[in-house]
Amino acid sequence: MSLRMLTLIIFVLSVILGIFFTYRSNFAVMDGQIGEDALATLRAISVSIDEKDMQKVVSTMDDTIPEYEKINLYLSKVREKYGFKYLYTFYVSTNGKIVYLVDGMPKNSEEFSALGDTEEDSFVISYISKADDFYITPIYESEEWGELKIVGIKLGTFSGKDVWLSCDFDANFVRGKVIRASLPSLSVLLVVNIAYLLLGFYILSKLKNVSNVMHSFAEGNLSVSISRKGMKEISRIFKDIDTARSALIDIIERIKIGMGGTIKEFEGNISLVKDFEREFEKSIDDFENVFKDILKAINDVTATTEEVNAASESINSSLEMFVQNLDKAPNIWEVLQRAVLSQEQLWRILRIHLRKRKIEARNC
């Protein structure tokens with residue numbers, strides 16, 4: 001997997017996890033806040049409900065009396081004002097059912113709950129049974145009314161029944177408020193993650209340039225330069241790499257110049273050594289001829305004076321040539337030393353000459 005792909009995956013995961021945890025955190029805060037606000041609102045609403053009117057409704061269970069109409073109109077008005085989905089009063093019967101009293105919906109509404117209607121809702125009743133004077137449920141799914149959040153307070157005890165005032169929020173209303181509250185933080189999170197993603201891609205692009213340059217270096221191509229533009233730290237790295245490249249080019253150029261001069265000098269010295277080798281061989285041949293002439297002159301007692309003089313001149317000439325070649329020897333040794341020829345190479349040359357002399361002696 002490439003670093004670019006890994007960076008992109010990390011970006012996507014960080015955004016998803018950031019959105020998830022931000023939403024969950026804000027949802028918990030907002031859910032609790034909505035419950036507290038609704039609780040305060042219900043307490044304010046309950047102040048305006050006349051206890052005598054509620055007592056008469058519970059005792060008569062008649063929806064035609066003026067007290068019922070009065071409470072119904074008031075609840076309908078405040079329901080619309082505060083944006084509740086439902087606002088109603090009820091009590092819990094002895095058999096564990098919710099019995100509706102005065103509803104806050106208009107009587108002609110399909111969602112209106114008439115006086116005395118019952119509903120079985122074990123989830124809400126479980127919260128009511130543990131409550132003293134109020135309850136707040138989390139969001140839950142009601143089979144009849146959909147996904148709701150419910151808050152309720154006890155109005156009082158009328159005709160031996162505990163009467164509750166309750167409001168229901170649509171879950172979408174709660175989630176909508178959470179999303180709106182989360183938008184600023186989610187926007188900041190997204191911008192920060194995009195900034196880090198772009199920074200990561202920028203660094204990866206620069207690393208790719210470095211990789212390409214180093215690959216060229218590995219192939220022996222030092223002509224490829226690297227741009228020094230970029231952030232301070234990255235620019236410094238690029239500058240150091242390019243400085244190293246320039247220094248390496250300079251070193252190679254110096255080595256090439258030095259090696260070029262050495263090679264030329266070595267080639268000239270080799271040529272000089274070869275010339276010395278030929279002259280040395282010729283001198284040895286001449287020296288052998290001198291000794292042959294001496295032996296001949298000694299053995300040939302019948303030689304004439306002219307032949308003896310000729311042999312003497314030949315001996316003198318050969319000796320002079322041999323001495324001249326020996327005078328060149330010190331210069332040749334200096335040349336060999338400058339060319340850094342080892343002792344083994346010198347002995348090899350001498351062994352070759354000796355081997356030639358032995359072969360020629362055998363042939364003779």
Side-chain angles (χ1 to χ4, degrees), residues 1-42 44 79-86 136-142 145-151 167-218 224-246:
M1 182 184 294
S2 66
L3 282 175
R4 182 178 290 272
M5 181 59 67
L6 181 61
T7 303
L8 189 59
I9 290 174
I10 292 174
F11 165 76
V12 173
L13 288 177
S14 64
V15 170
I16 292 174
L17 292 175
I19 292 174
F20 174 76
F21 286 111
T22 300
Y23 178 81
R24 285 289 299 272
S25 176
N26 288 342
F27 184 86
V29 173
M30 187 63 66
D31 189 30
Q33 187 63 49
I34 288 175
E36 294 296 329
D37 291 345
L39 193 61
T41 303
L42 287 178
R79 180 187 61 80
E80 294 179 357
K81 178 180 179 180
Y82 293 107
F84 299 136
K85 184 172 184 179
Y86 304 110
I136 301 175
T137 71
I139 293 176
Y140 82 107
E141 181 74 28
S142 170
W145 309 109
E147 208 172 18
L148 302 171
K149 179 178 180 62
I150 302 176
V151 180
C167 66
D168 296 359
F169 290 97
D170 191 329
N172 292 328
F173 166 79
V174 179
R175 292 195 179 97
K177 290 198 71 172
V178 172
I179 291 173
R180 286 191 294 274
S182 302
L183 282 178
S185 56
L186 291 177
S187 300
V188 172
L189 175 67
L190 186 61
V191 169
V192 170
N193 276 276
I194 291 175
Y196 274 111
L197 177 66
L198 295 176
L199 178 62
F201 281 172
Y202 171 78
I203 293 174
L204 289 176
S205 66
K206 294 301 181 180
L207 288 177
K208 185 176 181 181
N209 291 339
V210 172
S211 176
N212 293 336
V213 171
M214 299 307 292
H215 183 71
S216 299
F217 288 0
V224 180
S225 61
I226 188 169
S227 174
R228 300 186 181 187
K229 295 180 179 180
M231 297 180 180
K232 185 177 179 180
E233 293 79 4
I234 297 176
S235 177
R236 183 175 179 180
I237 294 173
F238 292 167
K239 182 179 179 181
D240 291 341
I241 293 175
D242 204 50
T243 301
R245 180 187 69 87
S246 301

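Atom set for the values below is all heavy atoms of this structure, side chains included, hydrogens, waters and symmetry mates excluded.
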Of all heavy-atom pairs between [X] and [Y], which one has the smallest distance, and what is that distance?
X	Y	value
L42	C167	CD1-SG, 3.8 Å
K85	R79	O-CD, 4.0 Å
A38	V151	CB-CG2, 3.9 Å

Note to self: Can a donor-acceptor pair be found, under 3.5 Å and without considering hydrogens, that links the side chain of T41 to the backbone of D37?
What the structure shows: yes
Distance (rounded to the nearest 0.5 Å) between [X] [atom1] and [Y] [atom2]:
X	Y	atom1	atom2	answer
L13	N193	CG	CG	10.5 Å
I19	R24	CD1	CZ	15.0 Å
L183	L190	CG	CG	11.0 Å
D170	I139	CG	CD1	9.0 Å

Item checked: Residue of the set I34, I150, L148 for which side-chain contact (heavy atoms from CB on, under 4.5 Å) holds with F169 ->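 Result: among I34, I150, L148, I34 is the only option passing the side-chain contact (heavy atoms from CB on, under 4.5 Å) with F169.
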Notebook entry, point to check: How about I136 and K149: do any of their side-chain heavy atoms sit closer than 4.5 Å?
Noted result: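 The answer is yes, as the side chains (C-beta and beyond) meet within the 4.5 Å cut-off.
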